[in-house]
Protein chains: 2
Amino acid sequence: MNPNKQQELLDQFKLRHTTCRLDVVAFFLSKKFAIAHIDLEHAFKHQFDRVTLYRTLKTFLEKGIIHKVLDDEGTPKYALCPSACAHLHHHHHDHVHFKCNVCGHTTCVEDIFIPQITLPQGFKVEEKNLLLSGVCPNCSK
Amino acid sequence: MNPNKQQELLDQFKLRHTTCRLDVVAFFLSKKFAIAHIDLEHAFKHQFDRVTLYRTLKTFLEKGIIHKVLDDEGTPKYALCPSACAHLHHHHHDHVHFKCNVCGHTTCVEDIFIPQITLPQGFKVEEKNLLLSGVCPNCSK
DNA sequence: GTTTATGCAAATTCTTTGCAATACT
DNA sequence: AGTATTGCAAAGAATTTGCATAAAC
């Protein structure tokens, strides 16, 4: 991976380059599945404070560098926004998410989009979120 | 509504008829949107303990009388299982959920089903969960 | 009478806030 | 230098656990 990818991302979103942010972005880039706060806490137990990690996620979410990935668990998970939406203010995450019941990871299936759904009269749809669950290619081998 | 519907449901799932369970089932039956623990706490503040309500939800979920509804908030919400899946061990909640950003309620849109999605080779899909959000008919009037 | 559910107290876990010290540009 | 970020302490929520009492069957 390009060693400057983290820096580029922070630049792009007008965020200061701090050690914590660089490391967290690198962590997101290195994992292809959605990340929860607890994952960061485990990964950076001795490097950064719990609170800083909460604030980093919050900032990243507000700036749009990451998006929330819905999951059937309690805690929210996040993933980097695909480059397609990275520059837009109005994000469109109309891709499918897949939760593997074996490894527990939730991944973005970015090349599959959510089909058009027609709801009964009166509903105004603004966002779509499709979570499929089952067994991922890795675990079904 | 049939006044014995609560009793029937508890019978059906082999649960003892306690005041708390009867009242919580009745509450679920009376609301057409998904319920969080906090909703029960508000509704039954002076009648049942917070802990009892947690345990009631847990039991109902384990027995399959309710299911978890996806939401973009932190706290989990639950809804009664539609009768179609109530008797099965292997639940299939392949209907659409709609979250209204105005009133905040998440409802099951039971007559709309999730279309077939073909994932890349290797994925085994077991469950589908589609959450649409926007404005519900009530709030868009 | 035996088993299961409840209430209360308390422990854990999760998340947020305030503020002084530090790092970034 | 000026502004934003971090770490620590502490507050506030949310959720779980243990155990004695009470209710269900």
Side-chain angles (χ1 to χ4, degrees), chain A residues 4 6-28 34-66 68-78 104 106, chain B residues 4 6-28 34-66 68-78 104 106:
Chain A
N4 295 321
Q6 299 96 287
Q7 329 241 6
E8 277 174 32
L9 264 170
L10 291 181
D11 276 343
Q12 194 178 315
F13 288 92
K14 309 238 189 310
L15 288 166
R16 288 192 176 181
H17 299 194
T18 69
T19 329
C20 180
R21 286 177 184 169
L22 286 165
D23 285 8
V24 170
V25 170
F27 189 77
F28 270 103
I35 306 295
H37 172 266
I38 189 82
D39 300 320
L40 297 180
E41 208 177 319
H42 287 147
F44 302 111
K45 207 186 293 260
H46 303 294
Q47 296 172 67
F48 309 113
D49 194 87
R50 225 184 290 100
V51 175
T52 304
L53 296 171
Y54 274 114
R55 289 197 268 228
T56 303
L57 284 175
K58 197 176 175 216
T59 306
F60 282 8
L61 187 64
E62 282 165 2
K63 293 281 179 172
I65 191 169
I66 57 176
K68 212 183 248 192
V69 174
L70 287 202
D71 201 326
D72 52 358
E73 288 159 45
T75 47
K77 295 182 172 183
Y78 306 91
T106 304
Chain B
N4 295 320
Q6 299 97 287
Q7 329 243 6
E8 276 173 30
L9 265 169
L10 292 181
D11 276 344
Q12 193 178 316
F13 288 92
K14 308 239 189 308
L15 288 166
R16 288 192 177 182
H17 298 196
T18 69
T19 329
C20 180
R21 287 179 183 167
L22 286 165
D23 284 10
V24 170
V25 170
F27 188 78
F28 270 103
I35 306 295
H37 172 266
I38 189 82
D39 300 320
L40 295 181
E41 209 177 321
H42 288 147
F44 302 110
K45 209 186 293 258
H46 303 295
Q47 295 172 66
F48 309 114
D49 195 87
R50 225 185 291 102
V51 176
T52 303
L53 296 171
Y54 274 114
R55 289 197 267 227
T56 303
L57 283 175
K58 196 174 176 220
T59 306
F60 282 8
L61 187 64
E62 282 165 2
K63 294 281 179 169
I65 191 168
I66 58 176
K68 218 183 245 192
V69 174
L70 280 206
D71 204 332
D72 50 1
E73 289 159 47
T75 48
K77 295 183 173 183
Y78 307 90
T106 304

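Here is the naming used below: chain letters follow the sequence lines, and residue numbers restart at 1 for every chain.
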K.L.:
Are any side-chain N or O atoms of A:Lys68 and backbone N or O atoms of A:Pro76, one a donor and one an acceptor, separated by less than 3.5 Å?
P.N.:
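No: the side chain of A:Lys68 does not pair with the backbone of A:Pro76.
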
K.L.:
Rounded to the nearest 0.5 Å, what separates atom CG in A:Leu22 from atom CG in A:Leu9?
P.N.:
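Here the interatomic distance stands at 10.0 Å.
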
K.L.:
Nearest whole Å is fine: how far is D:dA23 C1' from B:Leu22 CG?
P.N.:
13 Å

K.L.:
What is the distance, to the nearest angstrom, from the CG atom on A:Asp23 to the C1' atom on D:dT6?
P.N.:
14 Å

K.L.:
In this structure, how many angstroms lie between the P atom of C:dT13 and the NE2 atom of A:His37, rounded?
P.N.:
14 Å

K.L.:
Under 4.0 Å, heavy atom to any atom of DNA chain C: which of residues 50-57 of chain A qualify?
P.N.:
A:Arg50, A:Val51, A:Tyr54, A:Arg55

K.L.:
Quick one: pull up CG in A:Leu61 and CD1 in A:Ile65 and give me the separation to the nearest 0.5 Å.
P.N.:
11.0 Å

K.L.:
Got a second to check how far A:Leu40's CG is from A:Leu53's CG, nearest 0.5 Å?
P.N.:
5.5 Å

K.L.:
Between B:Asp39 (CG) and D:dA14 (P), how many Å, whole number?
P.N.:
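One finds 12 Å between P of D:dA14 and CG of B:Asp39, rounded.
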
K.L.:
What closest approach, in Å, do A:Glu73 and A:Gly104 show between heavy atoms, and which atom pair accounts for it?
P.N.:
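For A:Glu73 versus A:Gly104, the nearest heavy atoms are OE2-O, 4.4 Å.
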
K.L.:
In this structure, how many angstroms lie between the P atom of C:dG7 and the CZ atom of B:Arg21, rounded?
P.N.:
12 Å

K.L.:
What heavy-atom pair brings A:Ala43 and A:Phe27 nearest, and what distance separates the two atoms?
P.N.:
CB-CE1, 3.6 Å

K.L.:
Output the distance between atom OH (A:Tyr78) and atom NZ (A:Lys58), rounded to the nearest 0.5 Å.
P.N.:
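These two atoms lie 10.5 Å from each other.
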
K.L.:
How long is the straight-line distance from CZ of B:Arg21 back to CG of B:Asp23, given to the nearest 0.5 Å?
P.N.:
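Output value for this atom pair is 12.5 Å.
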
K.L.:
Could you tell me how far apart A:Asp49 (CG) and C:dC19 (P) are, to the nearest whole angstrom?
P.N.:
18 Å

K.L.:
First locate atom CD of B:Gln12, then atom NZ of B:Lys14, and finally report the distance between them rounded to the nearest 0.5 Å.
P.N.:
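The NZ atom of B:Lys14 is 9.0 Å from CD of B:Gln12, to the nearest 0.5 Å.
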
K.L.:
Where do N or O atoms of nucleotides 21-25 of chain C meet protein N or O atoms at under 3.5 Å, pair by pair?
P.N.:
| unit_1 | atom_1 | unit_2 | atom_2 | d |
| --- | --- | --- | --- | --- |
| C:dC24 | O2 | A:Arg16 | NH1 | 3.1 |
| C:dT25 | OP1 | A:His17 | N | 2.9 |

K.L.:
side-chain contact (heavy atoms from CB on, under 4.5 Å) for B:Phe44 and B:Val24? Distances and angles first, verdict last.
P.N.:
CA-CA 9 Å; B:Phe44 302 110; B:Val24 170; 4.2 Å; yes

K.L.:
For A:Leu61 and C:dT15, what is the distance between atoms CG and C1' respectively, to the nearest whole Å?
P.N.:
15 Å

K.L.:
Going by heavy atoms closer than 4.0 Å, what residues in residues 40-48 of chain B are next to DNA chain C?
P.N.:
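Residues of residues 40-48 of chain B under 4.0 Å from DNA chain C: B:Gln47, B:Phe48.
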
K.L.:
For A:Lys14 and D:dA4, what is the distance between atoms NZ and P respectively, to the nearest whole Å?
P.N.:
15 Å

K.L.:
What do the steps show when you test B:Arg50 against B:His37 for side-chain contact (heavy atoms from CB on, under 4.5 Å), and what is the final call?
P.N.:
CA-CA 9 Å; B:Arg50 225 185 291 102; B:His37 172 266; 3.6 Å; yes

